[in-house]
Number of protein chains: 2
Amino acid sequence: MVKTNLARLRELLASYMASKGLRSTEQRRLIIETFFASPSHVTIEEMRSLVRATDPRVGYATVYRTLKLLAESGVASERQFGDGLTRYELADGDAHHDHLICVECHGITEFEEPRIEKLQDEVASRHGFEVRSHKLEMYGVCAACRGARPRRTGGATP
Amino acid sequence: MVKTNLARLRELLASYMASKGLRSTEQRRLIIETFFASPSHVTIEEMRSLVRATDPRVGYATVYRTLKLLAESGVASERQFGDGLTRYELADGDAHHDHLICVECHGITEFEEPRIEKLQDEVASRHGFEVRSHKLEMYGVCAACRGARPRRTGGATP
DNA sequence: CTCATTGCAAATAATTTGCATGTAA
DNA sequence: TTACATGCAAATTATTTGCAATGAG
């Protein structure tokens, strides 16, 4: 098992901030730790309440600015699913995951499928396109909402 | 070659409007025809100017409302790429296409890759998830912006 | 000390909506 | 006629920004 992704992200953030001459303030530390401890795909609104549960004096704008900082540094990924809210999640290391989004319960499930990644690269190279990032989202009805159970069709992620 | 997709979409729209008791007004006809004649991925702003070039009396809200109507009827697809603007394109028939989005020139290229679609279905079924729609977007630098030429790595879409 | 950062409120930006008036059916 | 549509302007929603006060280095 690899050293935790979180440790890597902390280092990444530290070096980014150092390189930009950014300061480590009480608010930033709080927001960052809160983010690291949050469930995936938090909205800014959710982050704001989580942070304010600890320190009600933190302003709205600071949450926005700090999450943007996390995204710029590569520590967080900004995501937009259809609902008009921006969500944040921890950036992946080498692996990359995508999302199944339930249109009924709005639940979000992550998955990885290396074979899709490989085909994506193939498509990109066919177009002479240099991929920086990509997203794959499937919208539909999740197993729970269908009342069905997932049927494992063999081996999952190899 | 199949009968034009456009004819199918016109029928789809007509039956949708009939079923909802919606009326065919001068503005709607203008907006709809303008949309059918527009390049793919038009923004609402672009639609508004195109429409106003013909009839400056058409209001902003009517463009919004009519595009939403097109999306609801299944004639158009709403897309959000990262730039905060909602774009519309003609809905696909059976086939489905995805997008390469250049982060430098903001150009959008469409592609189809049935093998990816197949793997997506596989993933979904593994999760007991019923897919209604999906989107795959790759962000990066297009061939033109790289100064490179696309290298065709063999057969394109079979 | 100096300059980045914060919090607030005001400013944007994109989209939506209320309502009086217009107009298909 | 009689709802549905339209156009306008005001309202929402999500996010950004100006600026004086604060605090990190």
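Just so we're clear, the structure is a prediction, and the values are computed from it rather than from any experiment. Quick note on labels: first sequence line is chain A, next is B, and so on, each numbered from 1.
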Over how many whole Å does the gap from [X] atom [atom1] to [N] atom [atom2] extend?
X        : N       : atom1 : atom2 : result
Gln27(B) : dC4(D)  : CD    : P     : 17 Å
Arg87(A) : dT15(D) : CZ    : C1'   : 16 Å
Leu70(A) : dT5(C)  : CG    : P     : 13 Å
Leu30(A) : dG23(D) : CG    : C1'   : 17 Å
Ile31(B) : dA5(D)  : CD1   : P     : 12 Å
Leu22(A) : dT6(C)  : CG    : P     : 10 Å

Residue pair His97(B) / Asp92(B), side-chain donor-acceptor N/O under 3.5 Å: yes
Thr66(B) versus Gln27(B), side-chain donor and acceptor atoms under 3.5 Å: no
Counterpart residues, side-chain hydrogen bond (donor to acceptor under 3.5 Å, both in side chains), relative to Arg79(B) (two or more places apart): Glu89(B)
N-O pairing of [X] and [Y] below 4.0 Å:
X         : Y         : answer
Glu33(B)  : Arg10(B)  : yes
Arg132(B) : Glu130(B) : yes
Lys20(B)  : Glu72(B)  : no

Contacts of type side-chain contact (heavy atoms from CB on, under 4.5 Å), residue Thr34(A), not counting sequence neighbours: Leu30(A), Ser38(A), Met47(A), Leu50(A), Val51(A)
Residue that, paired with His96(A), satisfies side chain to side chain donor-acceptor pair (under 3.5 Å) out of Glu112(A), Gln120(A), Glu113(A), His134(A): His134(A)
Give the table of side-chain donor-acceptor pairs shorter than 3.5 Å for residues 53-63 of chain B, with sequence neighbours excluded, one pair per line with atom names and distance.
{"residue": "Asp55(B)", "atom": "OD1", "partner": "Arg57(B)", "partner atom": "N", "Å": "2.9"}
{"residue": "Tyr60(B)", "atom": "OH", "partner": "Glu45(B)", "partner atom": "OE1", "Å": "2.7"}

Identify all pairs in which a protein N or O lies below 3.5 Å from an N or O of nucleotides 20-24 of chain C, and state each distance.
{"residue": "dA24(C)", "atom": "N3", "partner": "Arg23(B)", "partner atom": "NH1", "Å": "3.2"}

So which protein N/O to nucleotides 10-17 of chain C N/O distances come out below 3.5 Å?
{"residue": "dT15(C)", "atom": "OP1", "partner": "Thr86(B)", "partner atom": "N", "Å": "3.3"}
{"residue": "dT15(C)", "atom": "OP1", "partner": "Thr86(B)", "partner atom": "OG1", "Å": "2.5"}
{"residue": "dT15(C)", "atom": "OP2", "partner": "Tyr64(B)", "partner atom": "OH", "Å": "2.7"}
{"residue": "dT15(C)", "atom": "O5'", "partner": "Tyr64(B)", "partner atom": "OH", "Å": "3.3"}

Contact under 4.0 Å: Arg28(B) side-chain N or O vs dT6(D) OP1/OP2: yes
Degree of bending in the helix from dC1(C)-dG25(D) to dA25(C)-dT1(D) once both end axes are built from five pairs, to 10°: 30°
Polar side-chain atom of Arg146(B) near backbone of Val141(B) as donor-acceptor pair, under 3.5 Å: no
Phe81(A) backbone acceptor or donor facing Arg87(A) side chain under 3.5 Å: no
Toward the 5' end of DNA chain D, by each residue's nearest nucleotide, Arg52(B) or Lys20(B): Lys20(B)
